[in-house]
Amino acid sequence: MQGGRPSQNEERRRSSYGVQGNGAVQDGPEGFDFGSRRRSTQLQHQIMQQQKPFRSMHSNTTIDKLPDKTLLHILGFLEHKEICRLAQVNRKWRQLAYDNRLWSSVSLRPEYGGLVAAPPPDTAVHLIASRFGAQLKCIELPIELITAQVFHELANKCPNLVHLVLDFSNAMQLHDFNDLNAFPSKLRTLNICLSDVIFMEGFMRKIYNFINSVECLQLIGTYEKVSEEEEEVHETVQITKLKSHVPNLRVINFFGVKFLDDNHIEAISSNCVHLECLCIKFCTKYTGTSLKTLLQRCRKLSCLLMEQTGIKSEHFQDAEWEKSRVSELDITSCEITSAALIDVLGRIKNLKWFCAGHVDGFDNQVLDSIMQSGLAKSLVAIDLQSCDNLTEEYLFKFLEAHGNQLLGLNLAGIPWLVETFWTQSVPFLRKIKILIMGTGKIVTITRVSSKIHVDQIIDCVAVNCPQIERLEIRWDPETLRFSDKSSKFIDTLRVKASKLRSLTLSDGEYFELVKSNFERAHRRAIVRTTVNCSTTILPLLPYFKDLRFN
């Protein structure tokens, strides 16, 4: 204060409190006196307002207040076993759980993920009418429910049924079908799981007139039940008669049918001019004598899967591959020579998907011929599992030239492909979606390191493969080596590989570490063990969704 007058700072300080230079109290901006009790009351009111808890506009919203359409969409992601549990909550949840829009695809086979126990036939008939109805598009039936009464109800109450699975695999005898005069007539897919002891011709004669609309026929055999002793194999379904009643077939899957031979394939080719995909995996009696005829008659055939068949090299070469449209080929575990492979692969024009695992004839010369002929430029998926005659040098050369176009790669079972190979090769696999590596057993070869440093591989995949969806590392726990910093590399994979849906590892300490890491991030179904899961490049097949193997 100078000369009895307040300084400028003092003036500003007083003004901020509503005090004039002469000491009088001025009115506030809202017309009240700051010096009165009114000021104190309003300040207290403001403080009380600030102390009240914040209430969101959605604070009273519960899941019960969501629209039924939204709730049905959420429930559509659950299995039917879980939906049945929700029906026990209250009346509203029961009404939602029994909405027939949630029951468009139903499996009544408990051993394959269906309901816990198949209902009795009378109950099944009631469910078809009351719960499934016109919304039902796909149903899987065990032997207990394969009855004339159930078929009548499906034909009358489910006009949109297009996929039907009939499981006879555990049957000891069939039901009586003398009264069967109705059967679903708009089927697009018919899947029949065969039995070794049941002859089905009587049943098939009853349904022949109803299945001419079928486009995808699948007969699942019992190759897994084959004993070491040679047993007499019976033709439980007469394929030569069946083929004349299904003229519109696009996809045929004879998976593990023990009695199937070249005569059956020749008969099929004579009546299936629209055939696009043929799967005869594990049909060991097939030798390939009808292969030439098949490719001549079925000009639309583009997918041919012949894993573990008895095809001979000479029959494999005799076929006119250069005139065919085959772009997906599987010859896994077939005894085909190197000369035959070089000859055939040099004549196929546009091979995109190729499996030759466990084929001793697939060696460096074959791989080099693929690169020299230009066939490798069209490949998007290749499986060379356990091809021990391939060297690290040729495989690296192949991946360096064509790895940037691959979506699927399986080089598991080749023991000398260790972390050095993979850390150098993975950067070429920028578009890879399915990758399989490693060996399931410890291999004592001088060229093989005793330990595999998995951290380097995981980090390399995370950095270079943003599109990866399925990854399998098959080295056993005794071979894998990891460190205290492994969690950091796993975090990197989990964050950067956001599209990862399956990570399969050998059961052990590293598996538990990876599993717990993903579970903490609420991604519980990602990490799996090789005991109950096996990764293949089959999902990259254009016809994968049409094929079934159980």
Is any side-chain heavy atom of [X] less than 4.5 Å from a side-chain heavy atom of [Y]?
{"X": "F183", "Y": "L154", "value": "no"}
{"X": "K241", "Y": "E201", "value": "yes"}
{"X": "R250", "Y": "C216", "value": "no"}
{"X": "L219", "Y": "N253", "value": "no"}
{"X": "D507", "Y": "T530", "value": "no"}
{"X": "T287", "Y": "I311", "value": "no"}
{"X": "L194", "Y": "V237", "value": "yes"}
{"X": "R325", "Y": "K300", "value": "yes"}

[X] to [Y] - nearest heavy-atom pair and separation:
{"X": "A319", "Y": "R347", "result": "O-NH1, 3.1 Å"}
{"X": "L242", "Y": "V246", "result": "O-CG2, 3.3 Å"}
{"X": "S378", "Y": "L351", "result": "OG-O, 2.7 Å"}
{"X": "W422", "Y": "P427", "result": "O-CD, 4.3 Å"}
{"X": "L541", "Y": "C303", "result": "CD2-SG, 4.0 Å"}
{"X": "S338", "Y": "V366", "result": "O-CG2, 3.9 Å"}

Give a yes or no on whether [X] atom [atom1] has more than 12 heavy-atom contacts from other residues, nucleotides or ligands under 6.0 Å away.
{"X": "R188", "atom1": "CZ", "result": "yes"}
{"X": "K206", "atom1": "NZ", "result": "yes"}
{"X": "D179", "atom1": "CG", "result": "no"}
{"X": "N160", "atom1": "CG", "result": "yes"}
{"X": "K243", "atom1": "NZ", "result": "yes"}
{"X": "R299", "atom1": "CZ", "result": "yes"}
{"X": "Q135", "atom1": "CD", "result": "yes"}
{"X": "Q365", "atom1": "CD", "result": "no"}

Discussion item. For a side-chain contact (heavy atoms from CB on, under 4.5 Å) check, start with the C-alpha distance between F362 and I370, then their side-chain angles and the critical distance, and finish with the verdict.
Written reply: CA-CA 11 Å; F362 200 100; I370 290 177; 3.8 Å; yes
Worksheet item: Hey, which of N389, L384, D383 is the one that makes side chain to side chain contact (heavy atoms under 4.5 Å, CB included) with C387?
Response: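 Exactly one pass, corresponding to L384.
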Fill in: Test side chain to side chain contact (heavy atoms under 4.5 Å, CB included) applied to L399 and I382, L406, V426, the passing residue
L406
Ignoring hydrogens and angles, state whether a donor on the side chain of [X] or [Y] is under 3.5 Å from an acceptor on the partner side chain.
{"X": "K349", "Y": "S324", "answer": "no"}
{"X": "S506", "Y": "D476", "answer": "no"}
{"X": "E140", "Y": "S107", "answer": "yes"}
{"X": "H264", "Y": "E235", "answer": "yes"}
{"X": "D343", "Y": "Q317", "answer": "yes"}
{"X": "H152", "Y": "N181", "answer": "yes"}
{"X": "H358", "Y": "S333", "answer": "no"}
{"X": "R297", "Y": "S269", "answer": "yes"}
{"X": "Q218", "Y": "N191", "answer": "no"}
{"X": "E307", "Y": "T332", "answer": "no"}
{"X": "R430", "Y": "N464", "answer": "yes"}
{"X": "S327", "Y": "N350", "answer": "no"}

Cationic N near anionic O, under 4.0 Å, [X] to [Y]:
{"X": "E469", "Y": "K499", "result": "no"}
{"X": "K258", "Y": "D196", "result": "yes"}
{"X": "R470", "Y": "E472", "result": "no"}
{"X": "R109", "Y": "D167", "result": "yes"}

Do [X] side-chain atoms and [Y] backbone N/O form a donor-acceptor pair below 3.5 Å?
{"X": "Q405", "Y": "L379", "result": "yes"}
{"X": "D262", "Y": "T289", "result": "yes"}
{"X": "E320", "Y": "K292", "result": "no"}
{"X": "T479", "Y": "W475", "result": "no"}
{"X": "S313", "Y": "T337", "result": "yes"}
{"X": "T147", "Y": "V150", "result": "yes"}
{"X": "W103", "Y": "I128", "result": "no"}
{"X": "Q296", "Y": "L291", "result": "no"}

Discussion item. Quick check on the 6.0 Å ring-centre criterion: do F203 and F168 meet it?
Written reply: yes
Separation between [atom1] of [X] and [atom2] of [Y], rounded to the nearest 0.5 Å:
{"X": "L180", "Y": "R205", "atom1": "CG", "atom2": "CZ", "answer": "12.5 Å"}
{"X": "N364", "Y": "F398", "atom1": "CG", "atom2": "CZ", "answer": "12.5 Å"}
{"X": "Q424", "Y": "E400", "atom1": "CD", "atom2": "CD", "answer": "10.0 Å"}
{"X": "I473", "Y": "L480", "atom1": "CD1", "atom2": "CG", "answer": "7.0 Å"}
{"X": "L417", "Y": "E392", "atom1": "CG", "atom2": "CD", "answer": "6.0 Å"}
{"X": "W353", "Y": "I537", "atom1": "CH2", "atom2": "CD1", "answer": "5.0 Å"}

Practice prompt. Carefully, step by step, assess F428 and F396 under the rule ring-ring contact (aromatic ring centres under 6.0 Å, His included).
Written response: CA-CA 10 Å; F428 304 134; F396 183 81; 5.6 Å; yes
Practice prompt. On the 0 to 90° scale, with breaks at 30° and 60°, tag the F282-F255 ring pair as parallel, tilted or perpendicular.
Written response: perpendicular
Fill in: side-chain contact (heavy atoms from CB on, under 4.5 Å) assessment of F354 paired with L375
CA-CA 11 Å; F354 182 50; L375 182 64; over 6 Å; no
Worksheet item: Can you check side-chain contact (heavy atoms from CB on, under 4.5 Å) on T529 and L505, steps first, answer last?
Response: CA-CA 5 Å; T529 174; L505 303 165; over 6 Å; no
